[in-house]
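All ligand and atom numbering here is 1-based and tracks the order in the structure. Throughout, numbering of the chain's residues begins at 1 and tracks the sequence.
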Amino acid sequence: MDNQFPSPAGSAELELCWERLARQQPQCGFGQLGICCRNCAMGPCRIDPFGEGPQLGVCGADADTITARNFLRMVAVGASAHSDHGRAVAETLIKVARKEAPGYQIRDEYKLVKLALELGLEPKNLTVEELALKVGQWAQNQFGQQEGELFFLRRAPLKRYDLWKKLGIVPRGIDREVVEALHRTHMGTDQEYHSLMSQASRCALSDGWGGSMIATELQDVLFGIPQPMVSQVNFQVLKKDTVNIIVHGHEPLLSEMIVVAAEEPDLIQKAREKGARGINIAGICCTANEILMRHGIPLMGNFLNQETAITTGAVDLMAVDIQCIMQSLPAIAACYHTKIVTTSDKARIPGAVHVQFTEETALEKARELVRQAIENFGQRKGKPVDLPGEEVDLVAGFSHETIAYLLGGMFRSSYRPLNDNIIGGRIRGVAGVVGCNNCKVEHDSGHLTVVKELVHNDVLVLQTGCSAIASARAGLLDPVKGLDYCGQGLREVCEAVGIPPVLHLGSCVDNSRILVAAAAVVREGGLGDDLSDLPVAGAAPEWMSEKAISIGQYFVASGVFTVFGVTFPVLGGRNLTHYLFHEVENELGGRWAFEPDPKKMAGLMLAHIDKQRKKLGIDKARERILFDMAMRREL
Ligand code: NFS
Ligand code: SF4
């Protein structure tokens, strides 16, 4: 029997996800194609992809039904993860309004009032707390709403909204759509893949235009709309002579408080007494993105760095909250001095210390964690620390609001200049490149190939999640160095505005910012009257999470051409695959594609963008611009 737990540092037996992946080989082909079902006890059933063995499960379900049900379940899980995060933010806002959450405050009254007005609330005669309470309760009700439709859907262009209505996929309430998705996938319920996919759209829309959008909006109210700021990324953001705390996971609720606690003079003093120069915080995954966007806290890395961060030997404490946290962390940390602390009662890990976080005690708990880290710093003495690579500068903190402001200026903040540059051809189109790392792909290589190829071809790239961290590490978020990768047209625009060619919009729930920005571009005019008219495309080159599938589905249902790499979970259902890759475009205007080669992936996105430009009648403008440049060069 092989050793299941890594042995002390430096030993060849320390296993990380790549070794565990190797041990899993060969992985199940049925699972990869999505054609196994264990939804009832007459199974598990599997369909023979070669057509020789069984083509039906015991209940008679065929390959399309089985893959469609599995896909819908992925959407439901992804949507619930994002949305439960949104719910937690709404609950916090309510507690802040009731003064039950000391430590928190409403940082952005402007956004609160703007949101309240949009909701039709009357802010006059109300205190900030009273208004926050109303907005928080409104948000909470969006989750449990039984009838009607989610409010933020009306942020979409009218044509899109009408299409959703016509197709009957307007989400009623966030929780309701997730529950219905699970119900439909129960044995013997929905057994028609089109029907299952329409629920996939409805459930995914309740994520993108519902739970995720609520998370983003209310986090902006509580913690402030992100503003562009400079920060750093890589192993080197951990310091040999400071207490190093890593925050990892997704919600900013706890990490915001850790940031506050780490700046308190008495705790800094305590750290100094222990011989440290100070207290240093760095992030991993989306929690990292949240506090980067609002405080400039440096990024340690993305999903595939969570284990290697520990193996640097420099981490005194890693506080995790929810989602994308590997169960291996405590065992790896046991080989070092690192302490792993879980903080959410939704996410416990054997071997980790648990410090229960609540909004009421958040600041206190954050201080406790910082104290534990300081205490643990002493254990690091004399042990080797290895911080490879070098620090890379980045600019992050873009939001729908700041993009409009940067482009249009303080007094006439607008998307007009962006639209004009797209119409005029300097910017060929806009792409959202998002999502995870997957240890089946060389770390970050998928993201970087796609992003570099796009900016080289004058496509402005918007990013979130682990994908944004990948680009940060490669210098693409540097407004000066990033320009080296740009085509001439994009370069001119970025230089004029002073932005990098790759804009970091935040965590994965902040993909909702991309939806809002895209709707604003449509509203600005000149590029069609629906999201599906825009010269835009989406991609997740290294996806692994069910959340990514939910995001992909709401992009497609919002009219966006969306390409995923690595693998695609329904390939064993031939009709379903054909539907998602082709036919669905006739209904939704967007469609899925699968392309594991990142260079080809970028090619597909560019081809789609060019097709859209042609349909809009703006393909000639670009030719003219390029011709001009060639002529200029000749001169
Ligand atoms: Ni998104 Fe963020 Fe990263 Fe993937 Fe996980 S951290 S919410 S799921 S792995 S991008
Ligand atoms: Fe097999 Fe049907 Fe049961 Fe799935 S639901 S395990 S296909 S019998």
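With a 6.0 Å cutoff to the six-membered ring centre and a 45° limit on the axis angle, Arg107 does not count as a cation-pi contact of Phe223.
Using a cut-off of 4.0 Å between Lys/Arg side-chain N and Asp/Glu carboxylate O, Arg574 and Asp64 are scored as not salt-bridged. Note on Arg155 versus Glu217: salt bridge recorded, some NZ/NE/NH1/NH2 to OD/OE distance being below 4.0 Å. Using a cutoff of 4.0 Å between basic side-chain nitrogens and carboxylate oxygens, Glu290 and Arg294 are scored as salt-bridged. Salt bridge Asp207/Lys547: absent, no basic N to carboxylate O contact under 4.0 Å.
Between the choices Arg38, Met187, Gln191, the shortest heavy-atom distance to atom 5 (S) of ligand 2 belongs to Met187.
Each of the following atoms of ligand 2 lies closer than 4.0 Å to a heavy atom of Cys59: 2 (Fe), 5 (S), 7 (S), 8 (S). Taking every heavy atom of Cys37 and a limit of under 4.0 angstrom, the matching atoms of ligand 2 come to 4 (Fe), 5 (S), 6 (S), 7 (S).
Ring centroids of Trp592 and Phe561 are separated by 6.0 Å or more, keeping the two rings apart. Trp543 and Phe564 have their aromatic ring centers within a separation under 6.0 angstrom.
If you check which protein heavy atom lies closest to atom 3 (Fe) of ligand 2, you get Cys40 SG, 2.3 Å.
Here the options are Leu21, Leu304, Ile332, the test is side chain to side chain contact (heavy atoms under 4.5 Å, CB included), and the partner is Leu16; only Ile332 passes.
In Arg69, the part holding a heavy atom less than 4.0 Å from any atom of ligand 2 is the side chain.
With values rounded to the nearest 0.5 angstrom, Ile310 atom CD1 is found 10.5 Å from Met326 atom CE.
Within 4.0 Å of ligand 1, contacts by protein heavy atoms are made from His250, Cys285, Cys286, Phe303, Cys324, Gly435, Cys436, Cys466, Cys508, Met544, Ser545, Lys547.
Atom 3 (Fe) of ligand 2 has no N, O or S atom of Cys45 inside 2.8 Å of it.
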